[in-house]
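The structure appears below as structure tokens.
In what follows, chains are A, B, ... by sequence order, proteins preceding strands, each numbered from 1.
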Amino acid sequence: MQINVPTPSIFNFEHILKHLNRSSQELLHYIEEDEVWKWVEWKGESGLISFSHQLDHFQLKLHTHSEGLADVLPDYLSNWFDLDRDLNKFYQLVKEDGLLGPLTSSLHGLRVVGVHGLFEALSWAIIGQQVNLSFAYTMKRRLIEHYGKSMVYGDKTYWSFPEPKIVMQARIDDLMELSISRRKAEYLIEVASQMEKGDLSKEKLLQLAAPEAIEKKLCKIRGIGPWTANYVMLRCLRIPSAYPVGDAGLQNAVKQRLQMDRKPSYEELYSLAENWKGWEAYATFYLWNGLNKE
DNA sequence: ATCCAGGAAGGCG
DNA sequence: CGCCTTCATGGA
């Protein structure tokens, strides 16, 4: 079964592919010949899809008999790649900005690549706290291999991120076997538990609407500080003003672009962001992806 | 070896 | 509030 899903005029799949291809340890999707393969779970439907981009649309293939999946795939992709966002507004806003202006040219058409599941986003952020990205990917891979569901198709195994119900039952020592620190193991189990109980969900957070309220609610949870809250708001809740100022990558990107001899302070980062009001998430994502470029 | 990595908690004054 | 230490591991 084949489906086409239109993409907006400002859209560059090359940039997105590059982002998706960051780690060879990624188990949640694979890329072969500019085609993305992924086991999808969305709105009660699931199945294996692959897709490539042609001119102005995605060309998708369903590799499993998943009748209902086809109907929710446009929404799934829109959510993944933020297709409904009007990037013209962002580009107009930062056109004259010395920091971001150049990036809107070199990364033109890049959209914030999202994370669908709140538990996945929170887990990934917690795992990624204060460690380098490649090590974070190692821990994520092990977590998925131990607690995720898998299905084999062709010569590959496709994985889905572990469910809170499963991680909630893990013991701290089990998670520590995966090189996850004791504290992070405690955080993960607690977050999983709150999600399983229903106290914490993507829907409930989005209902709060106000970014400040969402951040406050998230930060009440042990293990979630301002960086993690804003990271999840950026990647999963898709709040455009989310701004993880504590992020080492963001700080290094600004340092590099402004040729500073030290990392910028929070104050300086907030000051710079005056030029990106309402688009801090995009600014951050562009800075991340422009790191080490040019 | 040393520093730092897409931080946060807990203690202290 | 701001500052300090601890947590844990691996990449460069």
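Spacing of P atoms, B:dT2 relative to C:dA8, comes out at 22 Å, to the nearest Å.
Taking for each of A:Lys184 and A:Ser134 the nucleotide of DNA chain C with the nearest heavy atom, the 5'-most of the two is the partner of A:Lys184. Mapping A:His19 and A:Gly223 onto DNA chain B by nearest heavy atom places A:His19 at the nucleotide closer to the 5' end.
Inter-residue side-chain proximity for A:Phe11 and A:Ile16 is flagged as met; some heavy-atom pair is nearer than 4.5 Å.
Atom pair A:Gln130:CD and B:dA9:P shows a separation of 13 Å (rounding to whole Å applied). One atom, CG of A:Leu122, and another, C1' of B:dG7, lie 14 Å apart when rounded to the nearest Å. With rounding to whole Å, A:Trp124 atom CH2 is found 14 Å from B:dG7 atom C1'. The OH-C1' distance, from A:Tyr266 to B:dA8, rounds to 10 Å in whole Å. Distance CG (A:Asn230) to C1' (B:dG7): 13 Å, rounded to an integer number of Å. Straight-line distance from the CZ atom of A:Phe135 to the P atom of B:dG7: 13 Å, rounded to whole Å. Rounded to an integer number of Å, the gap from CD of A:Gln251 to C1' of B:dC4 is 12 Å.
Residue A:Ile221 is in sugar-phosphate contact alone, with no base atom involved, counting any heavy-atom pair closer than 4.0 Å across all strands shown. Using a 4.0 Å heavy-atom criterion, one finds that A:Thr284 contacts no nucleic acid atom at all. Here A:Ile180 lies out of heavy-atom contact (under 4.0 Å) with every strand.
At a cut-off of 3.5 Å, with distance as the only test, no side-chain donor of A:Gln92 or A:Lys89 sits close to an acceptor on the other residue.
Each of B:dA8, B:dA9, B:dA5 was ranked by its minimum atom distance to the side chain of A:Asn132; first place goes to B:dA5.
A ring pair (Phe, Tyr, Trp, His ring centres under 6.0 Å) with A:Phe51 is found for exactly one of A:Trp80, A:Tyr76, A:Trp37, namely A:Trp80.
Listed for the A:Lys184 side chain is a donor-acceptor partner under 3.5 Å among the backbone atoms of A:Ile127.
Here the two rings, on A:Phe81 and A:Phe58, have centers that are under 6.0 Å apart. Separation of the A:Tyr137 and A:Trp124 ring centroids falls under the 6.0 Å cut-off. Ring-centre distance between A:Tyr286 and A:Trp276: not below the 6.0 Å cut-off.
Geometrically, A:Lys149 does not engage A:Trp39 in a cation-pi contact defined by less than 6.0 Å to the ring centre and at most 45° from the axis.
Look at A:Glu177 and A:Arg142 and you find no salt bridge, because none of the NZ, NE, NH1 or NH2 atoms lies under 4.0 Å from a carboxylate O.
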Carefully, step by step, assess A:Leu28 and A:Lys140 under the rule side chain to side chain contact (heavy atoms under 4.5 Å, CB included).
CA-CA 10 Å; A:Leu28 297 180; A:Lys140 175 180 159 182; 3.8 Å; yes
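Taking 3.5 Å as the limit, the base of B:dA8 and the side chain of A:Gln129 contain no donor-acceptor pair of atoms between them.
One finds no side-chain N or O of A:Lys220 lying less than 4.0 angstrom from the OP1 or OP2 phosphate oxygen of B:dA9.
Close approach of DNA chain C to chain A, defined as any atom under 4.0 Å from a non-hydrogen atom of the protein, starts and stops at C:dT6 to C:dG11.
The stretch residues 236-245 of chain A has no heavy atom under 4.0 angstrom from DNA chain B at all.
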